[in-house]
**Student:** 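Just dropping this structure here.
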Number of protein chains: 2
Amino acid sequence: MPDLSDVAAVAGVSKATASRALNGSGLVAAETAVRVVAAAARLGYVPNRAARELARGRSGIIAIVVPTLDNAFFTPIIAGAQARAEEAGLQLTVAVHALDAAGAFDRLARQVDGFLVVAPRGNDTLVASSGSAKPAVLVDREIDGMTSVVADTASAFGTLTTRLAAEGHSRIVYVGGPPGSWQDRQRTAAVRDAARQAGSELTVLGPCPATFTAGVEVTPAVLETGATAVVPYATSIGLGLLLALGTRGVDVPRDLVVSTEPTVIEALGLEHTPAIDVDGEELGRTAMDLLTRQLDGQDEPGRQVRLAVPVRG
Amino acid sequence: MPDLSDVAAVAGVSKATASRALNGSGLVAAETAVRVVAAAARLGYVPNRAARELARGRSGIIAIVVPTLDNAFFTPIIAGAQARAEEAGLQLTVAVHALDAAGAFDRLARQVDGFLVVAPRGNDTLVASSGSAKPAVLVDREIDGMTSVVADTASAFGTLTTRLAAEGHSRIVYVGGPPGSWQDRQRTAAVRDAARQAGSELTVLGPCPATFTAGVEVTPAVLETGATAVVPYATSIGLGLLLALGTRGVDVPRDLVVSTEPTVIEALGLEHTPAIDVDGEELGRTAMDLLTRQLDGQDEPGRQVRLAVPVRG
DNA sequence: TTCGTTGATGGAACCGGTTGCAGAGGACCC
DNA sequence: GGGTCCTCTGCAACCGGTTCCATCAACGAA
C-alpha cells in the first residue's frame, strides 16, 4: 500500500512537494505537479484519511441526524445527502436520535465536521443549541439564525386546498401531523387560509403520528365530518386512509377524495385527486451543498432556502 | 479541548500510562487507572478519532451497503446496526449502491474496517468478491464461505402456507419478489413444498419489485386465479394488493386473504390472516455483532446465523 | 556586477494518539 | 545479602499526512 513518500520518491521530489502537488495548492511548478500526479496514479496511491484528518484538524465526516428511519419521508433526504457527500469526498454517517437528540450531538460533535439536522419536532431553542458546536444545516424546518432548507409544502398545501375548493369540495378535512411539528404548523395555517378564502368549510383533525396506522385510526373521524375531500399531513397517513376506506367500501375518489403523492395517485389510477410532489433527495442534496459551502467559508450561517413543491393532478 | 497529555498531567502520569489506563490494557495498577479515568472525566476528555485511527491503523468505521433506502425492509436493519455500532464505539456509514456495488466497495475499502452487505439480488460470486478486501457480513442472504445472518423467512412462509391450507384455502397465490432475489428463491421453494404437501393448488406470480405499485399492478392477475389467499413476497406488495382490492370492492379477508405483517393486520383489524414478523433491527444488530467478533478475531469468517421468524395471527 | 524579488522546493515540526522496549522498584527465593 | 522475576511506568518512535519556514536558483533592476 503506497504512501506519500513512495509517490514523492518515484516523482523525485520531497513529501512536501508531493503533498502540495496532489492538493493543487498552486505553489508547485506545473511540470512537477504533472510528474507527481502521474506517479500517484501509477502507484495507485490513495491518501490515508486518518493522517490527513489528523494533520488538517478536520474529519471529513458529516453526520445526518434523523429522528427515525421508519418514516419514508426521511430516507430520500439521506440518499440525496449521501450522493452529494460522496461527490465532495466526504463520509456521511447516519445518527438516529429517537429521543436523545442532545446526547447524539454531544457524542458526535468531536467526531464530525458538521451536522445535517432533521428535527421536525421539538423545541426551537433546543434544536438550535444542539447544532451550535459545529456548523449545521437544518432540514425541512426553519429557525431564525440557522441555515436551513425546507420544502415549501405550506404553499403547496394551500394551492391544493384552493384547487379542491374550486372543484366543488365545500367540506374539507385536514389531518394534522405529529404534535409540535413545525411543518404541520405551516401547513395547517396555509390550509386554513386557503379554505377560508375559497369559502370551504374546514375541519382540522389530529394530531396524528406520520404512520399508516394513524391514518387507519383517523378514518372514522374523517367520515363523520361528511367531508368530500381529505388532505393528510403525510403520505403514510394517506395510505392508511385509503386502506381503511377500501375495507369500509367507501369509493375513492367518488365519495371522498384523498390527496397523497403522485406515485400513489398514479398507481391506483385515482382521478380528480391533486397531489403534492416533495423531492426529498433534492432536500438532502441542497442541505449538503449548504453545509459544504459553510465549511469552506463561502457562506455565512443563517441562509434559508425554500424549494418549491409542485402540485400535480 | 483537552488532549491526552492534559489528562496525563492532571493524573500525574505519562501519556503512555494514561493511554493504557483509558483503554483498559490491564498493565496499569488499579489505583492509577482510577486516577486517570477520573481525570479524563473531569476534563471531559474525548479521544481524537483521527489520531487513534492513525496510530492503530484501524478506522473505527463500518460501512453498511444497501441497494436503496426506499425499501422499508432495509431501514430497520440500518437502525439496528447503528445502535450496536454506537455501543461498540464505531461509526456506521451508509452507502447506497443502486447499481454500482463494486464501485462502492472499492472506494470504501480503504476507508473502513469492515462491511455489512445487504445485497438481496445479484450474482453470488460478484457479491462474495466485493467484500473480500475487508471483513464483511452478508445480511439476509447466504453465500458459502461468507459470514451471514438471515431471517429464516423461508420456514415462516412455509408455515404460513401450511396454515392457510389447513384453514381451507385450496387455491393459493404466491406473488414472487424481484428477479434474482435469494430470499425469493428460498421462499418460493418453501411455499411450493408446503402447498404440495397440504394438497393446495399454488400459483406463482411475478417476479415483482418490492414496491406497493407492483402490488397494485399484480392485483388483476391475482384475482384471475380465483385463489382465496395470497402470499406476497414483501409487505409493500401486500399493501399495494390491499389498496387495489379496496378500490375494486373485493372484501378482505372474506373473499381473499392477504398475508402481510402483524402491524398491518392489526391496524386494519383483519381476521383469519396469518402474518410473518421479521425483526429487521435484530438482523442489523446481529450482523454488527458478527462483524465486531470477526474484527476482534473471536470468530472465523464463514459463520452463518439464522433468526427464527414467527408466524402470527 | 550586485542586490532584491519572486517562485519552487525541501527540511522538519506537528497533529494526538499507541506501543515496543527499557528501566525502576518491590517481592520472593536461595 | 544477592539474584531473579514480576509489575508498573515512562521514554521515544511511529502512524502518514500538512504546512511553516528556510533555502536556493533565476531573473530583472540598479
**Student:** Do A:Asp3 and A:Lys15 sit within salt-bridge range, that is, some charged N less than 4.0 Å from a carboxylate O?
**Tutor:**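 Judged by the 4.0 Å cut-off on N to carboxylate O distance, A:Asp3 and A:Lys15 do not form a salt bridge.
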**Student:** A quick test of your reading: do over 12 heavy atoms of other residues, nucleotides or ligands sit less than 6.0 Å from CZ of A:Arg42?
**Tutor:**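 No, CZ of A:Arg42 has 12 or fewer neighbouring heavy atoms, counting only those of other groups under 6.0 Å.
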**Student:** Partners of A:Asp277 by salt bridge (charged side-chain N to carboxylate O under 4.0 Å, His left out), sequence neighbours excluded?
**Tutor:**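 A:Asp277: salt bridge (charged side-chain N to carboxylate O under 4.0 Å, His left out) contacts with A:Arg312.
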**Student:** By side chain to side chain donor-acceptor pair (under 3.5 Å), which residues pair with A:Asp6, not counting sequence neighbours?
**Tutor:**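 With neighbours one apart ignored, the set is empty.
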**Student:** Could you check B:Ser14 against A:Ala50 and say which one's nearest nucleotide on DNA chain D is further toward the 5' end?
**Tutor:**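 This one resolves to B:Ser14.
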**Student:** Please enumerate all residues that pass side chain to side chain contact (heavy atoms under 4.5 Å, CB included) together with A:Ser19, with sequence neighbours excluded.
**Tutor:**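 A:Ser19: side chain to side chain contact (heavy atoms under 4.5 Å, CB included) contacts with A:Leu4, A:Asn23.
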**Student:** Considering residues at least two apart in sequence or located in another chain, which fulfil the side chain to side chain contact (heavy atoms under 4.5 Å, CB included) criterion with A:Ala119?
**Tutor:**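 Expected list: A:Val117, A:Val127.
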**Student:** Donor-acceptor pair, distance only, cut-off 3.5 Å: does the side chain of B:Asp296 make one with the backbone of B:Gln298?
**Tutor:**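 Judged by distance alone, no pair lies under 3.5 Å.
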**Student:** Taking B:Gln82 for its side chain and A:Val94 for its backbone only, find out whether a donor-acceptor pair lies under 3.5 Å.
**Tutor:**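 A pair under 3.5 Å: yes.
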**Student:** Over how many whole Å does the gap from A:Leu54 atom CG to D:dT18 atom C1' extend?
**Tutor:**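 Result: 10 Å.
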**Student:** Which residues satisfy the side chain to side chain contact (heavy atoms under 4.5 Å, CB included) test with B:Asp299, sequence neighbours excluded?
**Tutor:**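 Partners of B:Asp299 under the side chain to side chain contact (heavy atoms under 4.5 Å, CB included) test: B:Leu290, B:Arg293, B:Arg303.
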**Student:** Can you name the residues that form a side chain to side chain donor-acceptor pair (under 3.5 Å) with A:Asp289, not counting sequence neighbours?
**Tutor:**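 In terms of side chain to side chain donor-acceptor pair (under 3.5 Å), with neighbours along the sequence ignored, A:Asp289 is linked to A:Arg84.
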**Student:** Which residues in residues 27-41 of chain B have at least one heavy atom lying under 4.0 Å from any atom of DNA chain D?
**Tutor:**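 Within residues 27-41 of chain B, the residues near DNA chain D are B:Leu27, B:Val28, B:Ala29, B:Thr32.
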**Student:** Quick one: bend of the helix from C:dT1-D:dA30 to C:dC30-D:dG1 from 5 pairs per end, to 10°?
**Tutor:**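 Taking the rotation axis at each end, their angle is 60°.
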**Student:** Who are the side chain to side chain donor-acceptor pair (under 3.5 Å) partners of A:Gln294, not counting sequence neighbours?
**Tutor:**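 Here the qualifying residues are A:Thr147.
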**Student:** Going by side chain to side chain contact (heavy atoms under 4.5 Å, CB included), name the residues that satisfy it together with A:Leu307, two or more places apart in sequence or in a different chain.
**Tutor:**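 Result, side chain to side chain contact (heavy atoms under 4.5 Å, CB included) vs A:Leu307: A:Val149, A:Glu282, A:Leu283, A:Thr286, A:Val305.
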**Student:** Please list, in 5' to 3' order, the outermost nucleotides of DNA chain C lying under 4.0 Å from any heavy atom of chain B.
**Tutor:**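 Nucleotide range with atoms under 4.0 Å of chain B: C:dG16 to C:dG20.
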**Student:** Quick test: give all pairs of protein nitrogen or oxygen and nucleotides 19-28 of chain D nitrogen or oxygen below 3.5 Å, distance rounded to 0.1 Å.
**Tutor:**
unit_1 : atom_1 : unit_2  : atom_2 : d
D:dC20 : N4     : A:Arg20 : NH1    : 3.3

**Student:** Has A:Ser59 got a side-chain atom pairing as donor or acceptor with A:Gln111's backbone, closer than 3.5 angstrom?
**Tutor:**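 Indeed, once roles are kept as given, a pair shorter than 3.5 Å links the two residues.
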